[in-house]
Structure formats: C-alpha cells, structure tokens
Amino acid sequence: MAECVRLDSSTSTHTMDKSITLPPDEIFRNLENAKRFAIDIGGSLTKLAYYSTVQHKVAKVRSFDHSAKEASSDKLYEISVQEEVTARLHFIKFENAYIETCLDFIRDHLVNTETKVIKATGGGAHKFKELIERKLGLKVDKEDEMTCLIKGCNFVLRNIPHEAFVYAKHADSEFRFQTTQPDIFPYLLVNIGSGVSIVKVESEDKFERIGGSSIGGGTFWGLGALLTKTKRFDELLQLASKGQHTSVDMLVKDIYGGSYGSLGLTGDLIASSFGKSATANKEFSQEDMAKSLLHMISNDIGQLACLYAKLHNLSRVYFGGFFIRGHPVTMHTITYSINFFTKGEVQALFLRHEGYLGAIGAFLKGAEEDNPNQYSWGENYAGSSGLMSVSPEMNPMQRARSGTFDMLEMDRLERKLVNLPLLQDPSSYIPDTVDLIEDALAREYWLYCFEDALDGVVKRAVASQPDMPEAAERAEKFRQKYRHKLQTLRQQPFAYGSLTVRSLLDTREHCLNEFNFPDPYSKIKQKENDMALKYYQKAVKSLDELSWEERQFALVRGVLAGNVFDWGAKARPWLIDSFDRWFERLKGPPHRCALFFVDNSGVDIILGVMPFVRELLSRGTEVVLASNSGPALNDVTNGELQILTERIAAMDPVIQAGLSEDRLTLVQSGSSSPCLDLSRLDKVLANVVRERKTDLVIIEGMGRAIHTNYYAMLSCESLKMAVIKNSWLADRLGGKLFSVVFKYEVPDGQPSQDSAAS
Amino acid sequence: LSNKAFPWFGMDIGGTLVKLVYFEPKDITAEEEQEEVENLKSIRRYLTSNIAYGKTGIRDVHLELPDLTLCGRTGNLHFIRFPTHDLPVFLQMVRNKHFSSLHTALCATGGGAYKFESDFRKMADLQLHKLDELDCLIRGVLYIDSVVSSGPSECYYFENPTDPDLCAQKPYTLENPYPLLLVNIGSGVSILAVYSENNYKRVTGTSLGGGTFLGLCCLLTGCSTFEEALEMASQGESTRVDKLVRDIYGGDYERFGLPGWAVASSFGNMMSREKRESVSKEDLARATLVTITNNIGSITRMCALNENIERVVFVGNFLRVNTLSMKLLAYAMDYWSKGQLKALFLQHEGYFGAVGALLELLHPS
C-alpha cells in the first residue's frame with residue numbers, strides 16, 4: 001500500500017516548538033505572484049507547491065540603426081537591462097507541526113485572488129482539509145495519491161539531471177548519480193509507505209499497480225514501537241543503526257555451524273528472522289531487535305521488488321516513500337537486499353527529490369491547462385536546499401535541520417531541451433570530465449578555487465551596475481549565498497547531484513541572477529567585441545594571403561589564440577595534438593555541415609571562430625553556430641552573435657553569402673552556462689542538426705571541451721579545441737599552463753576520410 | 001529380506017526441531033528375535049511404548065504409518081520430534097542406550113547434521129552420515145505420497161477457500177505431480193521448483209518463517225511454545241493490529257482493485273499509542289501469524305508466476321496443527337491468482353526430510 005501514514009497525535013505533536021526558525025519570506029518566496037497551490041500532507045511532513053512568476057533583470061543587446069550612418073555612437077550595439085518574467089515552481093517541505101503557522105503566513109501574503117482551489121494529496125490531506133479551507137479560504141480538491149506520485153516521478157526524472165542515484169554505504173562516495181536516460185520508461189516504482197505499493201510505469205499516462213505488500217514502513221514502526229520503548233520512526237531507525245541483528249536472528253551458521261555450501265548460502269545469511277528470540281527466558285536489547293526488524297522488512301521488500309521486476313522484465317527500480325526518504329540506513333539495507341536477490345543484475349535506485357513527488361504531481365494535476373509538461377524545467381541551485389544526509393552520526397548539521405524548511409525551486413526554461421542527435425550513446429553520455437564527488441583532491445581544489453575567486457566576482461558584479469547604488473548591497477548578499485552554497489557542498493558534495501566544475505559555475509550564475517546581476521560581463525564583452533571587429537578585415541586579408549596549407553594551421557592557431565589572452569608561441573606537438581590528421585582530412589571532400597559550439601566574446605569569436613567558419617563555408621560546408629541563450633561569464637550570447645554576424649557580413653562577402661544562402665545559421669544552445677551539456681540542448685538546434693545532416697561537431701574552449709565533453713563520444717567527426725588556462729588542471733592532464741588540446745576524433749567504424757579522399 | 005541391520009532411523013536436525021523417523025519391524029522371525037541384541041530391543045521398546053520422551057520429545061501417533069512394507073520388511077513407521085536445543089539430552093540418552101554398539105552410521109540431514117556432527121561423535125560415539133536436506137525433502141515427499149493408501153489421503157487441499165462456511169478439506173491425488181512448487185516452512189522458508197525426482201532447483205527462500213512467528217510471539221506476548229502461540233492466535237483478532245485498506249480509504253481502493261478487507265500495513269495500527277494500548281496479546285499473536293503467513297503466500301505466488309508452475313505444495317512444521325495458516329494460504333493462493341493456483345498440503349508436513357534420510361540409509365542414491 002502506498003498511502004502515507006495517517007497521523008495519530010502521539011507521533012506528530014512531539015517536542016518541536018512551533019515557531020518558524022527561518023524568516024518565512026525567504027521560504028515562501030514570491031507569494032505575491034503565487035497561483036495554483038498544491039499540498040501533500042504525509043505522516044510527518046507537509047509539502048507545499050505553488051507556481052509563481054519571477055520578475056528579474058536580463059541584459060539585452062540591440063543593434064543600433066546603422067542605416068543612420070553609425071554616427072550616433074562608436075559602440076557596436078546597445079545594452080539594456082530589461083525586466084523579464086519567467087515562471088518558477090516552488091516546493092517547500094516542513095514538519096506537520098508548522099502547518100498552521102505556515103497557512104497563516106500564506107493567507108496574510110496571498111495577493112492573487114484568482115486562486116480558488118488547492119490540490120491536495122497524501123494520507124493527511126483529509127485530516128487537514130477543514131483547516132486548510134478555513135485558513136486559506138480555498139477549496140480543497142483531493143487527488144489520487146498514486147497518480148500524483150507517478151506524475152511527480154516522471155517530472156523529476158525528465159527534468160532534473162542526476163535525479164536518480166545508487167547508494168553505496170561503503171564506497172568512497174555514497175551517492176552515485178545516474179545520467180538522465182533519453183527514455184525514462186518503463187520503470188518500477190516501489191513506494192514504501194506504511195505498506196508497499198509496486199507500480200509499473202510504462203508512459204506518462206500509463207501505469208499499473210502490479211503488486212504490493214503489507215509489510216512496510218508501518219510494520220517497522222508499529223512492531224518497532226511494540227518491541228522497544230521507542231515510539232518515533234526516526235528514533236527507531238537510529239536504534240536499528242546501533243544494533244546487532246545476529247543476537248536475535250537465526251543465521252545459516254546457527255543451523256549449519258557454517259555455510260550451506262551446496263546452495264551457496266553463506267553462514268552469515270539470515271535463515272530465520274527473530275529465530276533466536278523464540279525463548280521466554282532471555283532479554284534482547286532494543287537496538288538488536290530494531291536492527292533485526294529493519295533487516296527483516298528491508299529484505300522482504302527487496303525480495304518482492306526483485307520478483308516483480310523479473311516477472312515484468314524491468315531493470316530500473318526506484319524506491320521511495322517515508323521508509324526510504326533519504327535515510328541512509330534504509331537505503332543501505334534495501335540496496336543490500338536487491339543486490340543479494342538479483343546477484344547485482346538490478347540496481348536499487350533512489351531519487352533526490354523523492355519527498356516532493358506527491359506535491360509535484362498534485363501541482364501538475366492542477367496546472368494541466370498550463371501544460372507544464374510541454375516545457376523543460378531546470379533545478380534552480382540558488383533556491384533549492386539540495387539533498388541532505390539525514391544520518392545523525394554522519395552529519396551533525398542534520399540535527400539542526402529537522403525543524404527547518406527544505407526547498408526546491410524549478411525554473412521554466414525558455415526552450416524545450418533534448419539530446420544532441422549526434423551523441424554516440426545518449427544513455428551513457430556524461431557531460432562532465434571529472435566527478436568531484438569521487439575525486440576528493442579535485443573537489444578540494446575547485447571548491448577552494450571558487451571561494452578564492454569570489455571577491456573578484458563580487459567586484460565585477462558591482463562594477464557592472466555603476467548607476468545602481470544598492471548594487472553593492474546585493475552583491476554582498478550574493479557573496480553570502482554563494483559562499484554558503486560552497487560550504488554546503490564541502491560538507492555534502494552530493495547535495496545537487498554530481499558535483500562538477502560545471503555545477504559550481506552554474507550555481508554561481510544562478511546566485512548572480514537571484515540578486516539581479518544578470519550579466520556582469522556585458523560591458524566588457526561589448527568593448528572587446530567592438531575592438532576585435534576593427535581587426536577583422538585585416539585578419540582575414542592576411543589569412544587569405546597564406547598558402548592553403550599554411551592557412552589551415554593559422555586558422556586553428558587563431559581559434560586557440562582567440563581563446564586565451566596569454567597566447568604565446570606554443571610549439572607543437574601540443575599536449576593533445578591530432579592536427580596532422582585533421583589537416584589530412586581537410587584534403588578530402590568537404591563536410592556537409594559543421595555544428596560549432598562557440599565560447600567567448602571578442603577576439604575569440606571574431607578573429608578566431610569567424611575566419612574558421614569562413615574557410616568552412618568556402619569549402620562548401622554549411623555551418624551552424626551554436627551560442628548560449630543567456631549570458632554566462634564573457635561567453636558570447638546568441639543575441640550578441642546575431643549582431644556581430646550582421647556586422648561581419650557587411651564587411652565580408654563570404655559570410656554575407658553564407659547568411660543569405662542559408663548556409664550559415666545561428667542557433668541558440670538553450671543554455672546559460674559556461675559549460676555544455678549535450679543532453680540538454682535546444683530542440684530547434686537538434687532539428688537543424690538533423691535536417692542539415694551535420695557530420696562535424698566543433699567544440700571550443702575550456703568550459704565546453706575540457707571541463708565538459710572531453711570524453712564525449714559523437715557519432716560523427718568531432719574537433720575539440722582549447723587552451724588549458726588553469727595550471728592545476730594542466731598538471732592533472734600531464735601538461736603545463738597554456739597547454740593546447742586539439743582533439744580530432746572520428747568514430748570507430750567510420751571509413752577514414754583520408755582514403756575516401758584519394 | 002533386507003540385509004540392512006536394524007535399527008532403521010532417519011533424522012532431520014533443523015533450526016528449531018529435530019525430526020526423527022523410526023521403522024519398527026513387525027515381521028521379526030523367531031531366529032531374528034533370538035539374535036537381536038538387548039540394546040536394540042530396549043530402544044524399540046522405549047520408542048514404541050511411549051508417546052512422550054523426556055520433557056519435550058513427542059511421538060506423533062496420528063501420523064504413524066502401520067503395516068508399511070519397506071525394503072522387504074513390514075512394520076510401523078513412527079514419527080518423533082523434539083526441540084533442537086534439547087539435542088544434548090537426546091545424545092545423553094543415545095549414549096546411555098549404547099546406540100553406538102549397534103550402528104556405525106546414522107543418516108541425518110538438516111543443518112544440525114553438520115553443526116552437531118562432532119557432538120554426535122564425541123558425546124555418543126556416533127558417526128553421522130550427512131545428507132542434503134533438499135534432496136531428502138523431495139525424496140521423502142514423493143515416497144510418503146506413494147505409500148499412503150489407507151486412512152486420510154496424504155495430500156489434500158481446501159475446497160472453497162474463499163468462503164469460510166463452505167471451506168472444506170478434500171483429498172488430492174498427487175499422481176502426476178510435476179512440475180510443482182514445494183514450499184518448506186520451517187524456521188525459515190525454502191521454495192523449490194521440482195520437475196522430477198532428481199531435477200529440482202531452489203528458487204528462493206525467505207527468513208520470515210515459523211521461527212519468526214514464534215520469535216516475535218515470544219517477544220510480544222511472553223509465550224514460549226509454538227502451541228501456546230497458536231492457541232493465542234486462534235483467539236485474537238488481527239484487524240485491531242493491522243491497518244486495512246478500508247481503514248485508509250473507507251472501503252475498497254477501486255483505482256487499484258484492492259478490497260477493503262485487505263491488509264494495507266501489517267502492524268500499521270500499532271504506530272498509534274492508543275491502539276497499542278487497546279490490543280490484547282491474542283490480537284498480536286494473530287496478527288503475527290497472519291503477517292508471516294500472507295507474506296509466504298505472496299512470495300510463493302510470485303515464484304509460481306515466475307516459474308510458470310500452477311501447483312504448490314506447502315510442507316514444514318510451521319503448518320503443524322496450524323489450520324489457520326493453511327486456510328489463509330489456500331485463500332491467498334486462490335484469491336490473488338484468480339483461481340489459477342492451487343495450494344496443496346501433506347499430512348506428514350514436517351517429517352519428509354527425516355523420511356528422505358531413512359530412505360537414503362536403505363537405498364543409497
């Protein structure tokens with residue numbers, strides 16, 4: 001059975017004082033725009049969901065009217081900061097004890113009078129129905145719990161990278177996050193509430209409860225309360241984690257004296273749970289009984305889950321429900337059981353936002369007219385608490401946390417995101433080169449590095465808004481927020497899924513946006529673009545004067561040099577150097593279409609990338625230039641690139657022809673990150689890539705070609721070009737600062753173009 | 001006539017109980033009688049003239065198979081059991097009766113044959129001939145089913161298991177038994193898929209078995225024997241302890257076809273202090289029995305589906321004098337499989353391993 005535990009007063013009204021420990025306006029954010037509420041009331045926790053619109057500043061660029069003889073300004077384009085409204089989902093989790101206080105707060109701040117209904121789910125929904133209706137004046141509309149759960153599960157699996165993880169208690173990193181699957185179906189969801197429901201999910205709307213068991217969390221809790229003096233679920237788990245089950249359970253070796261070799265049953269295997277307690281004259285410790293009970297229930301659930309997975313031929317099995325809910329103890333025993341019963345063929349998977357599934361689902365049910373599933377959503381690292389470890393002995397911070405609030409915020413992305421169709425194997429693609437959860441040395445370095453760079457970022461942010469006197473104050477808030485994130489990540493590297501340089505960069509961007517610093521580099525980019533543009537014609541001319549052979553090298557050199565300020569004479573061979581193979585390839589037939597992921601503004605894009613593009617066009621290769629949808633560091637954005645390309649086209653007939661003949665196309669990547677996740681790209685980009693039969697992918701710069709995608713395998717030829725601008729990283733890769741990576745790859749099995757050429 | 005010297009024993013030493021089968025020859029010739037040593041006579045007399053041995057040994061008289069022809073000899077087959085923790089007492093008796101002077105080997109199966117092998121040697125000067133418990137189990141089941149012809153049918157099932165008024169025990173002929181799922185519920189549970197006498201596999205097992213029922217009952221109610229626990233269970237009401245579907249949904253959960261009477265959470269009501277204070281020991285014993293039994297039913301049903309087998313035979317001492325569990329299993333198999341699965345039971349529920357060990361003594365395989 002899947003229902004959450006129905007509350008009884010003895011379990012809910014313990015100790016917790018009812019004052020809210022955080023300023024509520026930092027928890028229930030944007031209430032003034034809030035609409036579409038949903039609530040999921042479980043046995044001990046309430047999850048509230050709502051939709052809001054967020055107004056924040058974005059930097060826009062606009063071309064000057066150059067027909068007016070560009071006298072007005074010496075600047076290339078104008079930058080304006082505009083207000084933009086985006087959609088955000090808020091999910092807040094708090095203990096049931098706070099429910100009244102929270103409802104009061106919401107009522108006092110709820111402005112939107114259009115809201116008439118609140119969707120509700122969870123076992124406690126009917127218990128609090130009257131309270132909610134009275135406090136909020138909203139009609140409570142109950143939704144089926146399982147439907148909400150599945151809807152929520154589909155939503156997080158689809159929209160949150162690294163949502164699912166494997167738990168390994170004794171590994172270096174307990175959490176091993178799974179890459180997002182291109183197709184999330186079919187899967188099995190084992191929801192362990194007071195009972196167990198086993199649900200097979202085949203598509204967004206098709207799911208079936210194929211089985212269940214009455215031995216679940218309620219059995220652990222109920223029997224545990226009878227056997228011990230402990231009445232609270234969490235405390236029972238704590239007791240269990242301190243116990244020894246072998247004094248209560250009858251093991252194989254208690255019967256056999258050792259293992260049962262012919263069946264491969266080891267001596268330590270439990271033959272009979274509680275088998276040793278079948279005696280009237282012996283006392284057993286509470287810890288030991290709790291442990292034995294935990295094993296009994298976890299093993300039983302694991303066994304049934306495996307039997308159902310086998311019968312329905314499913315290999316992805318997610319576990320959820322209050323029995324699991326981030327408790328390392330139960331995640332461990334369930335994982336152990338699944339490994340035992342499937343001999344490792346099936347992995348037990350857990351979800352970072354498992355506790356929110358019901359609330360998300362209930363919300364989605366209520367928001368069907370907005371059709372939230374047609375959009376892609378992204379976890380906002382600035383507004384989300386992240387996954388916390390709840391094991392008290394593992395992490396003392398946790399104790400302080402119970403009694404506070406956990407938040408998840410998701411932003412509606414402007415673009416629908418999909419896989420790059422050219423990934424060799426989308427299901428095994430991992431964007432990031434180094435997993436900082438597993439690599440403790442690298443983690444330490446990068447966390448230090450980002451902390452160290454924080455002052456500079458704050459200064460830059462303030463400087464980007466000279467006309468705004470409160471910018472300094474906001475920048476200070478940004479500093480605190482980001483520093484706090486870094487501290488959290490130091491304690492709990494797994495808080496937001498895999499910890500990577502990309503996630504650290506993205507978190508910083510989210511925090512900057514949160515405090516209205518949408519584009520601290522906008523003016524610098526503008527200046528650099530302006531300057532570089534002045535040299536364009538000269539650069540092209542000198543390239544054209546070179547022989548074909550010389551030019552090919554100079555073009556590559558130009559892209560690399562443009563990517564770094566301190567480019568010196570870098571003698572070949574480079575750190576990674578497949579230039580000769582690339583050069584040979586160029587002697588062959590032209591590529592049909594090249595997809596070029598660009599990096600920085602200024603010299604890089606104008607004097608490095610554009611001449612390279614020009615050469616490709618001249619060879620007869622179509623070019624798709626992919627740039628960021630939104631700002632990140634000094635990366636060129638799609639808006640900026642539109643203007644730059646127009647300006648270059650005005651000076652360069654090759655680019656001009658490319659544009660007018662539709663052989664040069666500008667698309668946005670769908671991302672606002674200095675890194676690149678090829679599994680989350682703008683759907684339009686993916687379509688263009690497919691239509692044009694793209695056969696070459698070029699990725700440039702450290703963020704996109706080294707921190708991410710260094711090992712990405714594509715199904716067509718690819719070129720990864722970067723200069724390593726970080727001495728630690730260079731050292732890691734076996735080179736020196738400013739080492740060059742030039743990686744030309746042809747997928748296995750593709751006939752070598754060298755021979756095709758001859 | 002068999003040249004195998006008497007006495008004929010088969011022994012199964014489990015985690016909780018020791019099961020002993022003894023063949024009492026009734027066709028002893030005068031010549032044999034003369035030659036029979038005093039020790040052997042004394043053992044025979046001791047076993048056949050008593051129905052209880054020491055404080056805890058019991059002969060299940062109702063299971064005795066009289067006039068059985070075994071290996072060319074005719075006699076009665078006796079079924080005796082005692083708790084495994086009293087094995088030292090048994091060994092002392094064996095020693096007092098100078099058993100070792102009669103035999104060099106005793107066929108024994110079950111985990112205890114391994115665990116206590118050296119105790120047998122040291123305390124009773126007996127060499128155990130150790131046998132695999134699952135081999136013995138299957139051999140024993142097939143043998144007993146084939147030899148029982150008079151009296152109540154060895155194999156039976158419950159007719160109308162879903163209707164308490166019409167539910168009745170009916171004989172069943174296991175003539176063509178394969179494939180069958182054999183579920184042995186002792187302290188723990190083993191589930192075997194049997195395709196022929198020599199072709200079987202252990203599909204899985206669970207640690208939630210008879211030992212769990214008794215162990216939990218002892219902790220929850222302070223009882224100390226299986227019989228006490230069962231007696232309490234028969235007087236209790238599990239629905240006060242368990243949370244039912246109707247407790248949550250007010251009735252059936254139609255969305256998923258779950259009837260209101262189904263248990264949603266075993267011991268689920270015990271999360272509440274008030275309810276903990278209002279239940280009786282009998283209720284707790286009953287809930288424990290229902291929980292363990294239904295769980296075995298669920299796992300069995302899934303195995304039957306995965307192995308594509310429709311006939312399930314439940315054996316093991318958990319079912320001894322435990323009609324409650326048998327009916328529950330019969331019901332669960334029938335209800336959740338929509339009549340596809342048949343639950344079968346055997347009269348000699350816990351003794352098949354010991355019988356198999358005896359057969360091994362007479363016909364080594």
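Numbered from 1 within each chain, the chains take letters A, B, ... in sequence-line order.
- Per-residue heavy-atom pair counts under 4.5 Å with chain A were compared for B/Thr288, B/Asn306, B/Leu219, and the maximum is reached by B/Asn306.
- With respect to chain B, the highest number of heavy-atom pairs below 4.5 Å among A/Gly275, A/Ala225, A/Gly216 belongs to A/Ala225.
- Counting heavy-atom pairs under 4.5 Å between each of B/Thr16, B/Leu214, B/Leu216 and chain A puts B/Leu216 at the top.
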What do the steps show when you test B/Leu341 against B/Val312 for side chain to side chain contact (heavy atoms under 4.5 Å, CB included), and what is the final call? CA-CA 7 Å; B/Leu341 281 174; B/Val312 184; 4.2 Å; yes

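- For chain A, no part of B/Glu117 is nearby; none of its heavy atoms comes within less than 4.5 Å.
- Interface remark: of the candidates A/Phe274, A/Tyr260, A/Tyr256, A/Tyr308, A/Tyr256 forms the most heavy-atom pairs closer than 4.5 Å to chain B.
- The OG1 atom of A/Thr333 sits 12.5 Å away from atom CE of A/Met296, with the distance rounded to the nearest 0.5 Å.
- The ring of B/Phe116 has its center no closer than 6.0 angstrom to the ring center of B/Phe120.
- Between A/Asp141 and the options A/Lys365, A/Lys119, A/Lys129, a salt bridge (Lys or Arg N to Asp or Glu O under 4.0 Å) holds for only A/Lys119.
- Of the atoms belonging to A/Leu304, it is side-chain heavy atoms, and not backbone ones, that fall under 4.5 Å from chain B.
- Heavy atoms closer than 4.5 Å to chain B are found nowhere in A/Asn299, neither backbone nor side chain.
- Ionic pairing of A/Glu345 and A/Lys310 is not present here: no N-O contact between side-chain nitrogen and carboxylate oxygen is shorter than 4.0 angstrom.
- Heavy-atom distances place no part of A/Leu269 under 4.5 Å from chain B, backbone and side chain included.
- Residue contact with chain B, scored on non-hydrogen atoms closer than 4.5 Å, involves the side chain of A/Met250 exclusively.
- With a threshold of 4.5 angstrom between heavy atoms, A/Ala271 approaches chain B through N, CA, C or O but not through any side-chain atom.
- There is no contact between A/Ser292 and chain B, counting heavy-atom distances below 4.5 Å.
- Only the side chain of A/Phe284 comes within contact range of chain B, with at least one heavy atom under 4.5 Å from a heavy atom of that chain.
- When each of A/Phe207, A/Phe220, A/Phe341 is checked for heavy-atom pairs under 4.5 Å with chain B, A/Phe207 comes out on top.
- Ranked by heavy-atom pairs under 4.5 Å with chain A, the first of B/Gly188, B/Gly211, B/Ser207 is B/Ser207.
- The contact between B/Leu134 and chain A is made by backbone and side chain atoms together, counting heavy-atom distances below 4.5 Å.
- Not counting sequence neighbours, the partners of B/Glu228 by the side chain to side chain contact (heavy atoms under 4.5 Å, CB included) test are B/Cys223, B/Ser224, B/Thr225.
- Using a 4.0 Å cut-off between charged side-chain N and carboxylate O, B/Glu237 and B/Arg286 make no salt bridge.
- With a 4.5 Å cut-off on non-hydrogen atoms, A/Phe233 does not touch chain B at all.
- The residues A/Asp249 and A/Lys276 are annotated as not salt-bridged, no charged nitrogen and carboxylate oxygen being separated by less than 4.0 angstrom.
- Put simply, of B/Asn269, B/Thr291, B/Val279, B/Leu220, the one with the most heavy-atom pairs under 4.5 Å next to chain A is B/Leu220.
- The parts of A/Leu223 that come within reach of chain B are both its backbone and its side chain, each placing non-hydrogen atoms under 4.5 angstrom from that chain.
- For the ring pair (Phe, Tyr, Trp, His ring centres under 6.0 Å) test, no residue two or more places apart in sequence or in another chain qualifies with B/Trp336.
- Under a cut-off of 6.0 angstrom, the local environment of NZ in A/Lys142 is crowded, with over 12 non-hydrogen atoms contributed by other residues, nucleotides or ligands.
- Most heavy-atom pairs under 4.5 Å with chain A: of the set B/Phe226, B/Phe213, B/Phe256, this distinction falls to B/Phe256.
- Between B/Asn295 and A/Asp300, the side chains place a donor N or O and an acceptor N or O closer than 3.5 Å (distance only, hydrogens not considered).
- Ring centroid separation for the pair B/Trp261 and B/Tyr253 does not come in under the 6.0 Å cut-off.
- Contact count against chain A (heavy-atom pairs under 4.5 Å) is highest for B/Lys115 among B/Lys275, B/Arg255, B/Lys115, B/Arg202.
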